[in-house]
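The next block holds one structure in the form of structure tokens; read it before the comments.
Owing to the predicted nature of the structure, the values given are computational and were not obtained by experimental measurement. Computed over heavy atoms, backbone and side chain alike; hydrogens, waters and symmetry mates excluded.
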Amino acid sequence: MPFIYETYDTVSRSGFKNFRVDLPDYITKNLKHPFRPYQEEAIGRYLHYKTDSNRAIPEQVLYNMATGSGKTLLMAAVILEKYKQGERNFIFFVNNDNILTKTKDNFLESSSGKYLFAEKIVMDGQIVTVREVTDFSDSRDDSINIVFTTIQKLHQDLNTPRENRLSYEQFKDISVVMLADEAHHLNAGLDTNEKKDNTSWTSTIEAIQRTAKKSSIFEFTATIDLTNPTLAQKYEKSLLFKYDLKEFRLDKYSKDVLFHLVDGKVNNRMLQAILVSQYRKKIALKNGINLKPLVMFKSQKIAESQENLDSFLGVLDNLSPEDIQAQRDLVSEMDEKSSILKKSFSYFEKVGISNADLVAELQEDFRKERLLLVDGKNKHKDSLNLLNTLELPTNEIRAIFAVDMLNEGWDVLNLFDIVRLYDTRDGKNTKNGFVAGKTTNTEKQLIGRGARYYPFVIGDNFEEKYIRKFDENENYELRVIEQLHYHSANNPRYISELKQVLRES
């Protein structure tokens with residue numbers, strides 16, 4: 001069905017006036033998943049933009065889209081479109097090794113549940129393969145040839161040439177398409193008062209553009225400061241589509257974010273979070289939904305993350321029916337009828353789950369083998385495989401202990417509880433108002449990632465699988481799997497600051 005655009009405006013979503021486009025079959029039929037309406041608009045804008053004589057040359061496109069809005073599917077669509085245009089050589093680069101592993105599965109592993117292309121890619125009657133290459137010396141003309149790398153490694157390879165690696169020399173005779181995920185990292189340190197550093201990542205990209213016979217770059221990010229005059233000027237002709245967290249939420253593609261504030265020791269937060277998680281699991285199962293809800297325990301430092309994991313295991317080992325009863329007594333004193341913990345205990349009581357039953361369940365479901373510690377020191381293959389398959393029924397992990405590794409590029413839908421295990425504030429009040437610190441901004445980013453909706457079907461209503469269904473009925477029991485709970489110390493000032501940052505984003 002044609003998608004109709006209104007007025008041309010690269011910053012807002014108002015689209016193109018009297019411009020109508022049918023997304024071509026060579027894109028839609030070669031992808032595994034259908035587009036959402038805003039994704040149709042995003043790729044449709046590029047199909048128009050490629051004919052615009054005012055576009056940036058070398059071709060440069062920026063997609064500024066909310067975490068979880070499907071930027072990787074758009075990348076796959078861009079790859080198909082550029083192949084149709086005659087491009088064969090692609091570089092995917094990002095700031096983080098973990099994102100690289102995940103994206104390889106998305107583009108290369110047809111057996112993966114997150115593979116994005118159709119089972120067979122067919123262009124002009126010919127089958128097209130997607131190949132990983134280390135450089136373009138053995139590119140095939142009948143294939144999509146992709147170098148997967150980090151921006152750091154790309155910079156290093158090009159500026160310290162070695163055999164069987166990319167070199168500037170290779171680009172002289174070829175055309176290349178670059179896909180930059182989490183692209184705001186390319187602009188780190190970019191300021192109107194600074195001179196360009198010839199060893200910077202940005203200058204490496206610019207050197208490829210100058211050297212290549214022809215080049216294009218497609219940048220994807222949820223985070224970019226367009227109030228910075230330098231960035232606003234840089235992307236003046238290339239910011240093609242902006243779809244922020246507010247629109248993503250209003251379109252019902254995200255979970256709702258709620259705060260669960262806990263008095264007392266950190267162990268209370270841990271215990272309450274897994275009680276809530278167990279409640280979600282039971283509500284889903286009751287309604288025929290095979291859900292394994294995840295809890296993330298977030299520490300501030302790597303050493304603290306290991307300590308918190310040990311403390312959690314201590315809480316579980318020593319857990320008694322009396323500890324559960326203490327939490328029940330705490331809940332009975334709460335005024336909030338809508339408290340998630342109050343709902344949890346009310347349900348447990350209704351279906352006859354005793355305190356002793358809960359102890360046994362929690363000790364089994366959250367035993368040591370079902371916990372995963374993720375940090376810079378634990379990036380071995382098994383850990384990354386577990387991290388990238390958390391939604392699969394065969395993956396038994398129920399809780400993750402992390403610091404900052406998962407703030408970007410982590411693609412998981414069954415995260416429902418984030419537990420903040422520290423009480424630091426680093427925001428500042430200035431004459432221009434409150435300025436969020438690094439800690440608050442990374443927490444905002446993580447909450448945005450955790451807010452990705454977990455798709456499920458009620459009855460045979462498959463059309464609503466990927467959107468919230470119960471906004472008008474807050475008390476419906478399945479509402480609990482349309483929510484992300486952020487468990488924190490009961491610190492009103494900190495919560496006020498975090499809510500402000502979330503509102504602004």
Side-chain heavy atoms of V94 within contact of L179, under 4.5 Å:
no
I'd like to check T134 versus T149 (side-chain heavy atoms, cut-off strictly below 4.5 Å). Are they in contact?
no
Looking at residues at least two apart in the chain, or sitting in another chain, which of them share a salt bridge (Lys or Arg N to Asp or Glu O under 4.0 Å) with [X]?
X: E364; answer: R367, R370
X: K29; answer: D25
X: K255; answer: none

Plane angle bin for Y243 and F248 - parallel if under 30°, tilted between 30 and 60°, otherwise perpendicular:
perpendicular
Give me the ring orientation class for F456 and Y453: parallel if the planes are under 30° apart, tilted from 30 to 60°, perpendicular past 60°.
parallel
Check: Y253 ring centroid to Y466 ring centroid under 6.0 Å:
no
Who pairs with F220 by ring pair (Phe, Tyr, Trp, His ring centres under 6.0 Å), at least two apart in sequence or on another chain?
Y63
Under the rule for ring pair (Phe, Tyr, Trp, His ring centres under 6.0 Å), what residues qualify as partners of Y476, not counting sequence neighbours?
F470
At what distance, to the nearest 0.5 angstrom, does CZ of F297 lie from NE2 of H487?
8.5 Å
Counting only heavy atoms from other residues, nucleotides and ligands, does the tally under 6.0 Å from CD of E369 exceed 12?
yes
By the salt bridge (charged side-chain N to carboxylate O under 4.0 Å, His left out) test, which pairs, at least two apart or in different chains, include something from residues 475-489?
D256-R479, K286-E477, D471-R479, E474-R479, R479-E482
Pair L108-R131, side chain to side chain contact (heavy atoms under 4.5 Å, CB included): steps then yes or no:
CA-CA 7 Å; L108 300 173; R131 304 172 62 235; over 6 Å; no
